[in-house]
Amino acid sequence: MKMWYQGWLRSLAILLLAALSLEPSQALIGKEKSAVFLSPEFVLGPGSVVDSYYQDIDFPRGHIALKSFNAEVVDETGLPVPLQEIYLHHWVIERYYQHKGVEAPGSSSIKETHNPDFITVRNSGICQDNVLAQYFGLGSETRKTATHVPDPYGIEIGNPVEIPAGYEEKWLLNVHAIDTRGVEDRLGCAECRCDLYNVTEDGYGHPLSSDYKGGLRCCYDKTQCRVKEGFEGIRRSLYMKYTLKWVDWDSSVVPVKIYILDVTDTWKSSNASTVHRARHNCRVEYDVESCSITGETEDGCVDVKRTSLTMPTGGHVIYGVSHQHSGGIGSTLYGEDGRIICSSIPTYGEGKEAGNEAGYIVGMSTCYPQPGSVKISDGETLILESNYSSTQKHTGVMGLFYILVAEPSPNPSLLLHSPFDV
């Protein structure tokens, strides 16, 4: 009897040790699922542009927690297309509610913004209205930038309690890509220089000011960048291939909020007693002047842009990454006391193959702090800094910063830790 009892205790100890050694996804989260989808077809020829919004795209349904979203441009055979041929300016995924019984257009050049049949469900902020409202979004760096949400966290979607009566949850994909085969100035086309597109008004018909030299307002859907005389190239069918991972929602998943910060944001509080009423003005893009013009060469021709932003609510940062364009050399988010919350540095390609294209940003480093180790306080003022090389002029660059924030756990010791940094 004594030997049986000792053997039972030994078996129980082994079982307990095995349970404690499980990976977080095994110990806390249900089985991770994945699926690969293709966007609707878009066709591009040399110099042409697509900037379309595809509504009601294929997407997992039900009450789930998103774990990652990765995407890339592929041709009709499924092969990845390099950036030298198709420059991926950006792709974004947005969530919305659609009135049942209403048929949505398959695609359009302009997003629905004032139609009561379509309600945008934006992220947690902090830009104005529906500016930068996406859940996921990247650009040329898409192939080598991690988007995985570490366990036990997840982005909650599909909660039936949150969906208004008479509506259903849908997803929208915006693809902005430029065919740079045979163009006169590949970087100029990618930076949407207005003189190369020969436009005098934006996609809404509004005249462009004389000081607007390049950016999104010059390379909208169906515009054409100047091609070298005599160059001929075929039009071809292309797709966004996107891969999602998710788990079924349950009480073991810790929800996170998505915040997208913009270095061009200028804001002021409309009520001194609360930052919840702050009025933001995210312009999304800006220009970098050449240091040969500005004469500022002491810093090694680096353009430094900073802004201060107050977070309405705080929590623990569990992920961070920046989005920059060619010329970018890194971005850092600082706390009010000067501590580094996350620093994100670009990787430039060195070859010709997809994912390693010379001269292009092909990846951005990401931050995965140990859960509970990096905290933002309610109402804390953060400093966002975006750095670009200014050895030459750049138009329409961006300095965005994505962070995922979880509310502090009442008992952080219950959370299994993930790797500190990737």
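Hydrogens, waters and symmetry mates are skipped; everything else that's a heavy atom, side chains included, is used. Positions are given from 1, in the same order as the sequence printed here.
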Considering non-hydrogen atoms only, spot the tightest contact between [X] and [Y] and give its length.
X	Y	value
Q84	G351	NE2-O, 3.6 Å
Y286	V263	CE2-CG1, 3.6 Å
C194	L208	SG-CD1, 4.4 Å
V73	F42	CG1-CZ, 4.4 Å
S344	S322	OG-N, 3.1 Å
D262	C282	OD2-CB, 3.3 Å

About how many Å separate [atom2] of [Y] and [atom1] of [X], when rounded to the nearest 0.5 Å?
X	Y	atom1	atom2	answer
E380	L309	CD	CG	11.5 Å
T145	M364	OG1	CE	7.0 Å
K144	L138	NZ	CG	14.5 Å
R339	K375	CZ	NZ	10.0 Å
S386	L261	OG	CG	12.0 Å
R186	L196	CZ	CG	13.0 Å

With a 4.5 Å cut-off on side-chain heavy atoms, are [Y] and [X] touching?
X	Y	answer
H148	Y319	no
V74	L238	no
Y334	L384	no
P369	I318	no
K33	D248	yes
L333	I403	yes
I361	T347	no
Y239	E76	yes

Which residues pass the ring pair (Phe, Tyr, Trp, His ring centres under 6.0 Å) test with Y348, not counting sequence neighbours? none
Determine whether a donor-acceptor pair (N or O, by modelled atom type, separation under 3.5 Å) exists between the side chain of [X] and the backbone of [Y].
X	Y	result
D287	G396	yes
S140	Y360	no
E385	V304	no
D303	S389	no
S124	K257	no
Q224	P46	yes
T142	G139	no
Y197	C189	yes
T180	I86	no

Do you see a donor-acceptor pair shorter than 3.5 Å between the side chains of H394 and E191?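 Checked: H394/E191 side chains pair up, N/O donor to acceptor below 3.5 Å.
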Compute whether any side-chain donor of one residue and acceptor of the other, for E41 and S237, lie under 3.5 angstrom apart. yes
Counting heavy atoms not belonging to D75, are there more than 12 under 6.0 Å from its CG?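 Yes, the 6.0 Å shell around CG holds more than 12 heavy atoms from other groups.
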Within a reach of under 6.0 Å around NZ of K241, are more than 12 heavy atoms found that belong to other residues, nucleotides or ligands?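 No - once you tally the heavy atoms of other residues, nucleotides and ligands closer than 6.0 Å, there are 12 at most.
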Criterion side chain to side chain contact (heavy atoms under 4.5 Å, CB included) on L66 and F136, from CA distance to verdict: CA-CA 10 Å; L66 295 179; F136 291 96; 3.8 Å; yes
Tell me, with the steps shown, if Y402 and Q134 meet side-chain hydrogen bond (donor to acceptor under 3.5 Å, both in side chains). CA-CA 10 Å; Y402 291 69; Q134 64 263 28; 3.0 Å; yes
C192 and C218: CA distance, side-chain angles, deciding distance, disulfide (SG to SG under 2.5 Å) verdict: CA-CA 6 Å; C192 302; C218 289; over 6 Å; no
Would you please test V397 and Y388 for side chain to side chain contact (heavy atoms under 4.5 Å, CB included) and show each step? CA-CA 9 Å; V397 304; Y388 272 81; 3.5 Å; yes
Using the ring of each side chain (for Trp, its six-membered ring), is F37 parallel, tilted or perpendicular to Y242, with breaks at 30° and 60°? tilted
Measure up the H325 and H323 rings against each other and bin them: parallel (under 30°), tilted (30 to 60°), perpendicular (over 60°). perpendicular
Does the side chain to side chain contact (heavy atoms under 4.5 Å, CB included) test come out yes or no for Y204 and R217, once each step is laid out? CA-CA 9 Å; Y204 296 91; R217 298 179 67 194; over 6 Å; no
Could you work out, with side chain to side chain contact (heavy atoms under 4.5 Å, CB included) as the rule, every residue matching A65, not counting sequence neighbours? V247, W249, V253
With sequence neighbours left out, which residue pairs that include part of residues 348-362 fulfil the salt bridge (Lys or Arg N to Asp or Glu O under 4.0 Å) condition?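 For residues 348-362: R143-E357.
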If a pair satisfies salt bridge (Lys or Arg N to Asp or Glu O under 4.0 Å) and one of its residues is in residues 116-134, list it, with sequence neighbours excluded.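 Residue pairs with at least one partner in residues 116-134: there are none.
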Is the gap between the ring centers of W91 and F69 under 6.0 Å?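 Centroid distance W91-F69: below 6.0 Å, so yes.
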By the definition side-chain contact (heavy atoms from CB on, under 4.5 Å), identify the one residue from I155, V149, I64, I157 that meets it with W246. I64
What verdict does the side chain to side chain contact (heavy atoms under 4.5 Å, CB included) test give for M398 and V284, after you've listed the backbone C-alpha separation in whole Å, the side-chain angles of each residue and the deciding distance to 0.1 Å? CA-CA 6 Å; M398 295 185 183; V284 182; 3.8 Å; yes
Residues two or more places apart in sequence or in another chain: which of them pass side chain to side chain donor-acceptor pair (under 3.5 Å) with D378? none
For a quick test of your reading: what N or O donor-acceptor pairs under 3.5 Å do the side chains of residues 163-179 make, sequence neighbours left out?
| unit_1 | atom_1 | unit_2 | atom_2 | d |
| --- | --- | --- | --- | --- |
| Y167 | OH | P116 | O | 2.7 |
| E169 | OE1 | G158 | N | 3.4 |
| E169 | OE2 | R95 | NE | 2.7 |
| E169 | OE2 | R95 | NH2 | 2.9 |
| E169 | OE2 | G158 | N | 3.1 |
| K170 | NZ | D56 | OD1 | 3.4 |
| K170 | NZ | D56 | OD2 | 3.3 |
| N174 | OD1 | H90 | NE2 | 2.9 |
| N174 | ND2 | D51 | OD1 | 3.0 |
| N174 | ND2 | S52 | O | 3.0 |
| H176 | NE2 | C219 | O | 2.9 |
| D179 | OD1 | R181 | N | 3.1 |
| D179 | OD1 | R181 | NE | 3.0 |
| D179 | OD2 | R181 | NE | 3.2 |
| D179 | OD2 | R181 | NH2 | 2.7 |

